Amino acid sequence: MVYLLSTTWIKAKNYLCNMSKVRVRFAPSPTGGLHLGGVRTALYNYLFAKKNDGDFVLRIEDTDQTRYVEGAEQYILDCLNWCGIQPDEGPHTGGEYGPYRQSERKSIYREFAEKLVESGHAYYAFDTPEEIESLRETLKAQGKYNVQYDFQNRLNMRNSLSLPPEETEELLKINFPHVIRIKMPRNEYVHFHDMIRGDIEMPTAGVDDKVLLKADGMPTYHLAVVVDDYLMKITHALRGEEWLPSAPVHILLWKYFGWEKHMPHWAHLPLILKPDGNGKLSKRDGERLGFPVFAMEWNDPKNGLVKGFKELGFMHEAFINMLALLGWNDGTEQEIFSLEEMVEKFSMDRVHSHGAKFDFEKAKWFNHEWIKRSDFERLQPDVKKVFEENGVVINDEQKLQHIVNLVKERCTLLTDFWQQASFFFIAPKEIDTSSILPKWNENKNQFFVELIRTYSFINSWQIEEIENTFKELAAASKLKPGELMLPLRVMLVGGKFGPGVFEISSILGKEETIKRIEHTLSLMK
RNA sequence: GGCGCGUUGGUCAAGGGGUUAAGACGCCUCCCUUUCACGGAGGAAUCACGGGUUCGAAUCCCGUACGUGCUACCA
């Protein structure tokens with residue numbers, strides 16, 4: 001009985017342990033800003049790794065030199081840093097499986113590709129891009145839709161399968177530009193298990209003979225991902241759903257290399273979709289729909305500066321919380337999670353298999369919740385920064401703490417602290433007199449003139465005192481306090497917002513309060 | 001066109017044969033607050049469609065529709 005129990009347990013655990021440590025990788029291309037989908041892929045990788053005491057590896061997939069963008073790699077790292085999901089290994093951190101940039105691993109891929117040629121699973125192809133294009137044109141003209149370089153027409157092309165061996169050898173000898181392509185089997189079905197989608201069966205016929213090694217000697221994603229995952233001992237490959245159709249190529253490659261026993265467990269993450277319907281969220285949608293798609297500000301060499309969630313006033317805790325909940329939840333009603341809690345509760349079988357439309361309103365709600373729940377210590381540096389960006393340096397920490405706690409529930413974004421609290425430090429530049437003017441009259445004017453006089457005699461500038469004085473004077477003037485509080489508020493903060501008006505006044509101090517009333521009174525004439 | 005993957009209110013979603021089908025965002029009403037928020041109470045709104053299987057289907061099966069992804073010497 002004991003024996004039975006333990007084998008069952010081992011079987012269940014085997015999925016994760018399999019004697020080796022869990023190792024996952026986030027493998028972005030340095031081609032631009034890191035958008036929501038990318039960050040979430042990184043986050044799920046991180047959560048899964050940490051949940052299972054594993055390693056989170058960053059690998060830079062820079063095999064396409066034409067798309068390489070200067071600064072993008074550092075940017076990716078900065079984003080991960082801001083989100084608090086630092087890699088355990090990577091180009092900047094190091095590690096024993098480096099180098100972690102595929103461009104720096106260039107020399108190792110050719111050998112593997114050639115091994116595949118030797119074993120008959122791949123072949124050299126000498127077609128020029130123009131020749132391939134012309135094949136497509138011809139086939140299309142014949143009304144064929146499946147215009148692929150595959151079993152149907154590879155023998156009509158120029159490659160080591162169609163050419164006599166001598167000619168192939170000759171072409172190789174003179175170093176004629178060529179690629180290495182996988183020879184996809186004609187009629188096979190590839191079966192594999194996806195941690196999110198369950199068992200999947202896909203026909204090989206639908207996939208073309210993917211290029212494995214490009215003419216410039218760089219591997220394509222298909223070769224590099226398999227070779228590197230093997231070499232880096234990756235145990236779980238979590239990536240976007242867009243990779244599902246080419247999964248058969250990768251699985252076949254693992255098989256052809258004879259590495260099947262080491263193949264990682266697969267998980268294809270759902271997509272994040274545009275809020276207004278069709279398509280996956282793309283970098284352009286932000287501008288079009290008025291919300292950020294990047295984690296942090298990205299200065300694109302071509303398109304200029306684009307703000308990110310960070311600059312907009314998002315807390316990183318809220319940002320990753322929101323992202324994690326877009327495609328995963330723990331099955332309870334809890335929605336607010338810290339990174340640590342997510343690590344503790346994350347599980348792949350609660351990740352959804354369908355895409356989710358991004359909702360900026362909900363994203364802001366997460367941030368609002370995080371601001372409300374954060375203490376002053378957490379908020380202080382961010383709030384100070386917002387003030388500094390507006391040209392106000394704060395020295396009085398105690399005053400700041402008081403104010404932050406007073407207004408934080410009114411702030412959805414960190415940048416809102418400026419609107420909600422700047423009047424405590426500097427007099428409002430503009431007074432919204434239009435909101436009091438319609439009901440303004442000489443009686444009210446008299447009241448405030450009198451108020452200034454009365455206030456100037458007050459010795460203890462406490463809320464109660466300020467309020468009582470105000471109300472007594474209102475009663476004496478036969479005016480309703482309610483009709484006078486709004487004008488006072490506008491005089492002090494510049495508009496119809498902010499915490500209790502007497503609380504504001506007490507923080508402002510007697511002199512400043514009087515000064516601001518006088519100033520507005522002068523505007524009302 | 002082909003091949004995948006998917007489909008619970010407008011959005012995020014729980015629920016995986018028997019529920020009045022949770023909850024959150026947003027929207028609306030009211031209370032609190034002589035501002036704006038916060039908070040509280042309520043409301044409108046949903047199982048894509050059609051067939052099966054079953055005493056019973058949001059839940060299982062099959063079709064259809066729709067969405068989405070891939071179909072590059074991009075990842």
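A quick note: this is a predicted structure, and the numbers were derived from the prediction, not measured. Just so it is clear: chains get the letters A, B, ... in the order the sequence lines come, proteins before strands, and each one is counted from 1.
- Within the 4.0 Å cut-off from OP1 or OP2 of B/C73, at least one side-chain nitrogen or oxygen of A/R181 is found.
- Annotation: A/F346 is in aromatic contact with A/Y44 [ring centroid separation under 6.0 Å].
- For the pair A/H354 NE2 and B/A58 P, the computed distance is 19 Å after rounding to whole Å.
- A donor and an acceptor atom, one from each side chain of A/N329 and A/R350, are located under 3.5 Å apart.
- Looking at heavy-atom distances under 4.0 Å, A/A215 makes contact with a base.
- At a threshold of 4.0 angstrom between heavy atoms, the contacts of A/D416 with the nucleic acid are absent.
- Proximity of A/K372 to the phosphate of B/G39: a side-chain N or O atom is located under 4.0 Å from OP1 or OP2.
- A salt bridge between A/D229 and A/R59 is present, with a side-chain N of the basic residue lying under 4.0 Å from a carboxylate O of the acidic one.
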Are there any protein N/O atoms within less than 3.5 Å of an N/O atom in nucleotides 69-71 of chain B, and if so, which ones and at what distance?
unit_1	atom_1	unit_2	atom_2	d
B/G69	OP1	A/K280	N	2.7
B/U71	O2'	A/Q148	NE2	2.5

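- In this structure, the nucleotide among B/U35, B/G6, B/A14 sitting nearest to the side chain of A/R350 is B/A14.
- Using a 4.0 Å cut-off, no side-chain N or O of A/K274 falls inside it from OP1 or OP2 of B/G67.
- Looking at heavy-atom distances under 4.0 Å, A/M202 makes contact with sugar-phosphate atoms alone, never a base.
- The residue A/H352 sits close only to the backbone: its heavy atoms come under 4.0 Å of sugar-phosphate atoms, none of a base.
- Helical stems involving RNA chain B, defined as 3 or more consecutive Watson-Crick or G-U pairs under 3.5 Å, span B:1-7 with B:65-71, B:10-12 with B:23-25, B:27-31 with B:39-43, B:48-52 with B:60-64.
- Backbone-only engagement by A/G327 is indicated by non-hydrogen atom pairs under 4.0 Å involving sugar-phosphate atoms exclusively.
- Computed from coordinates, the A/L326 CG to B/A13 P distance equals 6 Å when rounded to whole Å.
- No more than 12 heavy-atom neighbours from other residues, nucleotides or ligands sit within 6.0 angstrom of CZ on A/R284.
- Applying the 4.0 Å criterion to OP1 and OP2 of B/U35, one finds that A/S435 has every side-chain N and O outside that range.
- A salt bridge does not link A/D375 with A/R378: every distance from a Lys NZ or Arg NE/NH1/NH2 to an Asp or Glu carboxylate oxygen is 4.0 Å or more.
- Between A/R288 and A/D276 there is a salt bridge, since a side-chain N of the basic residue sits under 4.0 Å from a carboxylate O of the acidic one.
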